[in-house]
Peer 1: 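Below are the structure tokens for one structure; questions will follow.
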Amino acid sequence: MNRGLFITGTDTGVGKTIIAGAIIAAMHSRGIKTGAMKPIETGCISTGKSLHPSDGAFLKDMAQMDEPLNQVTPLCFGPSLAPLVASEIEGRTIDLQKIRKHFRMLTDKYEAVIVEGIGGLLVPIKRDYLVLDLVRELELPLVVVARPSLGTINHTLLTVNYAIKEGLRIAGIIINFSRFPEGNIAENTNPQAIQQLTDIPFIGVFPFLKDLERENLERAAAKHLNLDLLLRYIQK
């Protein structure tokens with residue numbers, strides 16, 4: 001089992017990148033040399049002859065890594081779609097061996113590696129290979145990031161129960177306010193309901209942040225997340 005975490009989401013747009021960055025910054029503040037990886041990024045911005053993975057760049061910055069960006073994010077695609085669909089549109093092959101190679105290089109150098117997934121567990125990377133297959137291959141425990149709004153109980157339980165069914169380890173659940181809170185009853189009651197409906201460790205509720213500077217993420221993680229629950233999977 002590799003040291004680190006795989007950050008997955010109950011849906012797209014739940015704020016996996018922010019949570020991954022916050023965890024990375026928090027681990028560094030505790031003296032743990034932590035690397036980052038976003039193996040595949042779609043919706044990348046064209047910069048002439050190449051594509052720029054903004055999520056990968058953000059994580060690289062949070063981890064203060066010297067490695068080139070194409071090692072943090074080996075595979076980039078333009079369309080904001082599942083990797084399978086994006087790769088077919090662009091007529092390119094998903095090279096899983098490239099992901100494996102760069103992941104091994106990072107695990108050799110860093111005490112822990114935080115990997116951000118692509119959407120949810122059932123997002124197709126190839127026709128016969130889903131995100132959950134990548135989680136299993138990298139041998140990392142999951143952190144499930146969920147939104148706080150109406151419907152999240154169903155999405156969270158579906159994700160958690162399917163992960164358990166597939167034999168994946170789950171380090172915990174984080175509710176993330178990726179948007180400014182509406183202050184409605186669903187947002188106020190969903191965290192407690194999820195804790196009552198599953199035995200998976202509840203890591204915390206991460207607040208909406210306008211300022212995504214490294215120090216701000218680090219402080220928010222220390223204040224709002226139970227990092228000791230995650231350290232069990234990093235300090236061995």
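Sequence positions, counted from 1, serve as the residue numbers for this chain.
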Peer 1: With respect to Val144, which candidate in Val14, Ile170, Ile7 satisfies the side chain to side chain contact (heavy atoms under 4.5 Å, CB included) definition?
Peer 2: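 Single pass found, and it is Ile170.
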Peer 1: Taking all non-hydrogen atoms of both residues into account, name the closest pair between Ala221 and Ala22 and its distance.
Peer 2: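 The answer is CB-O, 3.7 Å.
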Peer 1: I need the Asn216 CG to Leu209 CG distance, nearest 0.5 Å.
Peer 2: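 With rounding to 0.5 Å, CG (Asn216) is 5.5 Å from CG (Leu209).
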Peer 1: Give the minimum heavy-atom separation between Cys44 and Cys76, together with the two atoms involved.
Peer 2: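 Smallest interatomic distance, heavy atoms only, reads SG-CB, 3.6 Å.
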Peer 1: What is the distance from atom NE2 of His28 to atom CD1 of Ile23, rounded to the nearest 0.5 Å?
Peer 2: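 Going from the NE2 atom of His28 to the CD1 atom of Ile23 covers 12.5 Å.
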Peer 1: Out of curiosity, Ile32 CD1 to Arg3 CZ, how far, rounded to the nearest 0.5 Å?
Peer 2: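 That separation rounds to 9.5 Å.
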Peer 1: Take Asn176 and Phe208, measure what side chain to side chain contact (heavy atoms under 4.5 Å, CB included) needs, and give me the verdict at the end.
Peer 2: CA-CA 7 Å; Asn176 179 47; Phe208 173 74; over 6 Å; no
Peer 1: Salt bridge (Lys or Arg N to Asp or Glu O under 4.0 Å): which pairs involve residues 70-86, sequence neighbours left out?
Peer 2: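 Counting only pairs at least two positions apart or across chains, no salt bridge (Lys or Arg N to Asp or Glu O under 4.0 Å) contact touches residues 70-86.
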Peer 1: Indicate if Val160 and Tyr233 have the same hydrophobic cluster label, given that clusters are the connected sets of ILVMFWY residues with side-chain heavy-atom separations under 4.5 angstrom.
Peer 2: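 Each belongs to a different hydrophobic cluster.
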Peer 1: Check which hydrophobic residues are tied to Val85 through side-chain heavy-atom contacts below 4.5 Å, counting indirect links as well, and list them.
Peer 2: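 Hydrophobic cluster check, Val85: joined to Leu81, Ile89.
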Peer 1: With respect to Thr34, which candidate in Ile234, Leu5, Ile24 satisfies the side chain to side chain contact (heavy atoms under 4.5 Å, CB included) definition?
Peer 2: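 Result: among Ile234, Leu5, Ile24, Ile24 is the only option passing the side chain to side chain contact (heavy atoms under 4.5 Å, CB included) with Thr34.
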Peer 1: With side chains defined as the heavy atoms from C-beta onward, is the minimum distance between Asn2 and Val113 less than 4.5 Å?
Peer 2: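 In short, these two side chains do not touch, never coming nearer than 4.5 Å.
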Peer 1: Minimum heavy-atom separation for Ser80 to Gly43, with atom names?
Peer 2: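 In this case the closest contact between Ser80 and Gly43 is OG-CA, 3.2 Å.
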Peer 1: Could you list the residues that satisfy side-chain hydrogen bond (donor to acceptor under 3.5 Å, both in side chains) with Asn226, not counting sequence neighbours?
Peer 2: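 Residues passing side-chain hydrogen bond (donor to acceptor under 3.5 Å, both in side chains) with Asn226: none at all.
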Peer 1: Could you check if a side-chain atom of Phe103 sits within less than 4.5 angstrom of a side-chain atom of Asp108, using non-hydrogen atoms only?
Peer 2: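 Contact flag for Phe103/Asp108 side chains = no.
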Peer 1: Compute both the distance and the angle, then confirm whether Lys165 meets the cation-pi test with Tyr162: under 6.0 Å from the six-membered ring centre, within 45 degrees of the axis.
Peer 2: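 Judged by the rule, Lys165 and Tyr162 form a cation-pi pair.
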Peer 1: Find out if a path of hydrophobic residues (ILVMFWY) with successive side-chain heavy-atom gaps under 4.5 Å connects Ile164 to Ile173.
Peer 2: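 Linked within one cluster.
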Peer 1: Among residues at least two apart in sequence or on other chains, which ones pass side-chain hydrogen bond (donor to acceptor under 3.5 Å, both in side chains) with Asp55?
Peer 2: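 Counting only residues at least two positions away or on another chain, Asp55 forms a side-chain hydrogen bond (donor to acceptor under 3.5 Å, both in side chains) with Thr17.
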Peer 1: Looking at residues at least two apart in the chain, or sitting in another chain, which of them share a salt bridge (charged side-chain N to carboxylate O under 4.0 Å, His left out) with Glu90?
Peer 2: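 So Glu90 forms a salt bridge (charged side-chain N to carboxylate O under 4.0 Å, His left out) with Arg92.
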Peer 1: Does a side-chain heavy-atom distance below 4.5 Å link Leu225 with Val205?
Peer 2: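 They are not in side-chain contact.
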Peer 1: Quick one about Ser149 and Thr152 (side-chain donor to acceptor, distance below 3.5 Å, no hydrogens or angles considered), yes or no?
Peer 2: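 Their side chains do not contain a donor-acceptor pair, so the 3.5 Å distance test is not met.
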Peer 1: Take Ile125 and Leu84 through the side chain to side chain contact (heavy atoms under 4.5 Å, CB included) test and state the conclusion after the steps.
Peer 2: CA-CA 5 Å; Ile125 295 175; Leu84 167 66; over 6 Å; no
Peer 1: Check the pair Glu182, Asn184 against side chain to side chain donor-acceptor pair (under 3.5 Å), reporting the backbone distance first and the verdict last.
Peer 2: CA-CA 6 Å; Glu182 298 178 9; Asn184 56 46; 3.0 Å; yes
Peer 1: Just how far is it from atom CG of Asp11 to atom OG1 of Thr159, taken to the nearest 0.5 Å?
Peer 2: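 Result: 8.5 Å between the selected atoms.
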Peer 1: Do Val145 and Ile114 belong together in a cluster built from hydrophobic side chains that touch within less than 4.5 Å?
Peer 2: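 Linked within one cluster.
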Peer 1: The criterion is side-chain hydrogen bond (donor to acceptor under 3.5 Å, both in side chains); which residues satisfy it with Thr93, sequence neighbours excluded?
Peer 2: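 If we apply the side-chain hydrogen bond (donor to acceptor under 3.5 Å, both in side chains) test to Thr93, skipping adjacent residues, there are no hits.
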Peer 1: Just to verify, what does Thr12 make a side-chain hydrogen bond (donor to acceptor under 3.5 Å, both in side chains) with, not counting sequence neighbours?
Peer 2: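 Counting only residues at least two positions away or on another chain, Thr12 forms no side-chain hydrogen bond (donor to acceptor under 3.5 Å, both in side chains).
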Peer 1: Look up atom NE2 in His155 and atom CG in Asn190, then write down how far apart they are to the nearest 0.5 Å.
Peer 2: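 Output value for this atom pair is 11.5 Å.
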Peer 1: Quick one, Leu230 and Val143 - any side-chain contact, counting heavy atoms below 4.5 Å?
Peer 2: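 Answer yes - side chains close enough.
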Peer 1: Counting only pairs under 3.5 Å, give me each side-chain donor-acceptor contact of residues 191-203, with atom names and distances, residues two or more places apart or in other chains.
Peer 2:
unit_1, atom_1, unit_2, atom_2, d
Gln195, NE2, Pro191, O, 3.4
Thr198, OG1, Ile200, N, 3.2

Peer 1: Out of curiosity, does Leu140 fall in the hydrophobic cluster containing Leu227 (side-chain heavy atoms, cut-off under 4.5 Å, transitive links)?
Peer 2: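 Each belongs to a different hydrophobic cluster.
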Peer 1: With sequence neighbours excluded, give me every salt bridge (Lys or Arg N to Asp or Glu O under 4.0 Å) pair touching residues 132-143.
Peer 2: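 Sorted pair list: Arg100-Glu137, Asp133-Arg136, Arg136-Glu166.
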Peer 1: Scan residues 141-158 for pairs that pass salt bridge (Lys or Arg N to Asp or Glu O under 4.0 Å), counting only residues two or more places apart or in two chains.
Peer 2: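 For residues 141-158, and leaving out neighbouring residues, there are no salt bridge (Lys or Arg N to Asp or Glu O under 4.0 Å) pairs at all.
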Peer 1: Without placing hydrogens or testing angles, list every side-chain donor-acceptor pair under 3.5 Å for residues 58-75, not counting sequence neighbours.
Peer 2:
unit_1, atom_1, unit_2, atom_2, d
Lys60, NZ, Met65, O, 3.2
Lys60, NZ, Glu67, O, 3.4
Glu67, OE1, Tyr110, OH, 2.8
Glu67, OE2, Lys109, NZ, 2.7
Glu67, OE2, Tyr110, OH, 3.3
Thr73, OG1, Lys38, O, 3.2

Peer 1: Apply side chain to side chain contact (heavy atoms under 4.5 Å, CB included) to residues Leu130 and Val123 and explain how you reach the verdict.
Peer 2: CA-CA 6 Å; Leu130 306 173; Val123 168; over 6 Å; no
Peer 1: What are the two closest non-hydrogen atoms of Asn188 and Gly183, and how far apart are they?
Peer 2: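 Scanning both residues, the minimum pair turns out to be ND2-O, 3.6 Å.
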Peer 1: Show your reasoning for whether side chain to side chain donor-acceptor pair (under 3.5 Å) applies to Thr47 and Ser50.
Peer 2: CA-CA 5 Å; Thr47 58; Ser50 62; 2.9 Å; yes
Peer 1: Under 4.5 Å between any side-chain heavy atoms of Glu41 and Phe77, yes or no?
Peer 2: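 No, too far: nothing below the 4.5 Å cut-off.
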Peer 1: Enter the distance from Ser46:OG to Leu51:CG here, rounded to the nearest 0.5 Å.
Peer 2: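 Here the interatomic distance stands at 6.0 Å.
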Peer 1: Can you hop from Val115 to Met105 via hydrophobic side chains spaced under 4.5 Å?
Peer 2: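 Unlinked, Val115 and Met105 end up in two clusters.
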Peer 1: May I have the step-by-step check of side chain to side chain contact (heavy atoms under 4.5 Å, CB included) for Ile175 and Phe206, ending in yes or no?
Peer 2: CA-CA 6 Å; Ile175 300 290; Phe206 199 81; over 6 Å; no
Peer 1: Got a sec, which pairs hit salt bridge (Lys or Arg N to Asp or Glu O under 4.0 Å) with one end in residues 202-229, sequence neighbours left out?
Peer 2: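 Listed by first then second residue: Arg30-Asp228.
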Peer 1: Please confirm whether the backbone N or O of Lys33 pairs with a side-chain atom of Glu111, one donor and one acceptor, at under 3.5 Å?
Peer 2: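 Yes, Glu111 side chain to Lys33 backbone: donor-acceptor pair under 3.5 Å.
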Peer 1: Does a salt bridge link Arg127 with Glu88, judged by any charged N lying under 4.0 Å from a carboxylate O?
Peer 2: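 Yes, Arg127 and Glu88 are salt-bridged.
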Peer 1: State, yes or no, whether a side-chain contact exists between Leu142 and Val135 at a heavy-atom distance under 4.5 Å.
Peer 2: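 When only atoms from C-beta onward are counted, Val135 and Leu142 do touch, with a gap below 4.5 Å.
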Peer 1: Minimum heavy-atom separation for Gly119 and Lys16, please, with both atom names.
Peer 2: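 Looks like N-NZ, 3.5 Å.
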Peer 1: So Glu187 and Pro181, do their side chains get closer than 4.5 Å, heavy atoms only?
Peer 2: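 Contact flag for Pro181/Glu187 side chains = yes.
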Peer 1: Less than 4.5 Å apart, side chain to side chain, heavy atoms only: is that true for Phe177 and Pro207?
Peer 2: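 A side-chain contact under 4.5 Å is absent here.
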